[in-house]
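To keep things clear, I will list the structure first and then write my remarks on it.
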Amino acid sequence: MPANPHPLPRAFFARSPRRVARDLIGKLLIRSSESTYLSARIVEVEAYLGQNDPAAHSSAGRTPRNSVLFGPPGFAYIYFIYGNHYCLNVSCEPEGKAGGVLFRALEPLTGLEEMARARGTALHNSRDVLKLTTGPGRLAQAFGITRSRDNGRDLTSPASGLWIADDGFRAPAIQITPRIGITKAVARPLRYLLANNRFVSHVRPSSK
DNA sequence: ATATCGATTATCT
DNA sequence: GATAATCGATATG
């Protein structure tokens with residue numbers, strides 16, 4: 001039985017995005033407040049490196065948009081993409097060095113009704129559950145994550161209301177594949193996923 | 001099952 | 001002016 005979830009310490013994130021990404025598989029993302037408790041297991045992430053990674057937002061240096069990636073580790077970097085979607089990252093590496101991990105898919109555990117409400121979708125069958133948090137845009141919407149609300153939020157403290165936790169679960173097997181949806185540095189194996197998990201996001205048929 | 005397209009904005013060239 | 005770490009709707013097989 002999983003233990004009570006406890007927050008991951010800042011030192012967990014003060015490492016290379018690869019190490020952090022690998023170790024985040026199987027951990028929990030939690031949105032908690034007096035009126036809300038959403039939790040989901042992290043089943044798919046991607047590492048974005050601070051240096052020598054053309055696909056990373058930090059590759060061209062520090063800007064107002066990406067400054068969280070250059071700040072201290074364990075904070076939320078939220079960006080808005082395609083005019084429609086927010087995506088959640090956590091900053092890695094010690095302060096001053098860029099790097100982050102993108103959350104790509106979760107397995108929802110508690111608060112599924114509220115997630116469906118946040119997404120404006122039905123929740124009648126297992127197919128509906130599957131679409132709650134599979135994909136970076138979907139999981140952000142399910143957790144009510146926006147740039148204005150959550151960019152720069154401390155993900156190591158339950159007091160912040162959005163945090164990452166360890167409940168004792170240990171991933172039996174982790175797969176590593178190339179990243180998805182990018183056009184630069186396409187071949188690099190920086191996508192980490194929980195093997196045999198149904199909630200891993202799908203490659204777009206025509207995305208190449 | 002795959003393919004195409006529109007949404008709609010921050011950022012960069 | 002083009003592009004992007006995406007998704008849902010729609011059309012067609």
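Residue numbering restarts at 1 for every chain, and letters A, B, ... go by the order of the sequence lines.
Considering only heavy atoms from C-beta on, A/Asp150 stays 4.5 Å or farther from A/Leu88 through its side chain. Residues A/Met115 and A/Leu38 meet the side-chain proximity criterion, which asks for heavy atoms closer than 4.5 Å. Side chains of A/Tyr48 and A/Ser58 form no contact here, defined as non-hydrogen atoms less than 4.5 Å apart.
Using a 4.0 Å heavy-atom criterion, one finds that A/Arg104 contacts the sugar-phosphate atoms exclusively.
For the pair A/Arg138 and C/dG8, the criterion of a side-chain N or O lying under 4.0 Å from OP1 or OP2 is met. In this model, the phosphate group of C/dA4 is approached by a side-chain N or O of A/Thr183 to a distance below 4.0 Å at OP1 or OP2.
Taking hydrophobic clusters as Ile, Leu, Val, Met, Phe, Trp and Tyr residues chained together by side-chain heavy-atom distances below 4.5 Å, A/Tyr77 does not share a cluster with A/Val101.
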Represent DNA chain C in dot-bracket notation, 5' to 3'. Only Watson-Crick or G-U wobble pairs with both distances under 3.5 Å count; pseudoknot-style crossings use [ ] and interstrand partners use |. ||||.|||||||.

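With rounding to whole Å, A/Arg191 atom CZ is found 14 Å from C/dT6 atom C1'. In this structure, the CG atom of A/Asp53 is 15 Å from the P atom of C/dA4, given to the nearest Å. For A/His57 and C/dT3, the NE2 to C1' distance is 11 Å, given to the nearest whole Å. Taking atom OH of residue A/Tyr79 and atom C1' of nucleotide B/dC12, one finds them 16 Å apart after rounding to whole Å. Rounded to an integer number of Å, the gap from CG of A/Leu49 to C1' of C/dA5 is 13 Å. When rounded to the nearest whole Å, the span between CG of A/Leu102 and C1' of C/dA5 equals 5 Å. C/dA5 atom P lies 19 Å from atom CD1 of A/Ile145, rounded to whole Å. Summarising the geometry, the separation between CZ on A/Arg119 and P on C/dT6 is reported as 15 Å, rounded to the nearest angstrom.
Heavy atoms from other residues, nucleotides or ligands lying under 6.0 Å from CG of A/Asn196 number 12 at most. Other residues, nucleotides and ligands contribute over 12 non-hydrogen atoms within 6.0 Å of the CZ atom of A/Arg147.
Between the side chains of A/Ser160 and A/Arg153, no donor-acceptor pair of N or O atoms lies under 3.5 Å. A donor atom on one side chain and an acceptor atom on the other are found under 3.5 Å apart for A/Thr134 and A/Arg138.
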For salt bridge (charged side-chain N to carboxylate O under 4.0 Å, His left out), just list the numbers for A/Arg104 and A/Glu44, CA-CA rounded to whole Å, side-chain angles, deciding distance to a tenth of an Å, and then say yes or no. CA-CA 5 Å; A/Arg104 286 199 55 89; A/Glu44 178 186 350; 2.9 Å; yes

Check nucleotides 6-10 of chain B for protein N or O atoms closer than 3.5 Å to its own N or O atoms and list the pairs.
| from | atom 1 | to | atom 2 | distance (Å) |
| --- | --- | --- | --- | --- |
| B/dA7 | N3 | A/Asn84 | ND2 | 2.1 |
| B/dT8 | O4' | A/Gly83 | O | 3.0 |
| B/dT8 | O2 | A/Tyr82 | O | 2.8 |
| B/dT8 | O2 | A/Gly83 | N | 3.4 |

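With C1' as the reference atom, C/dA5 and B/dA3 are 22 Å apart, rounded to whole Å.
Applying the 5.5 angstrom centroid cut-off and the 30 degree plane-angle cut-off, the aromatic ring of A/Tyr48 is stacked upon the base of C/dA5.
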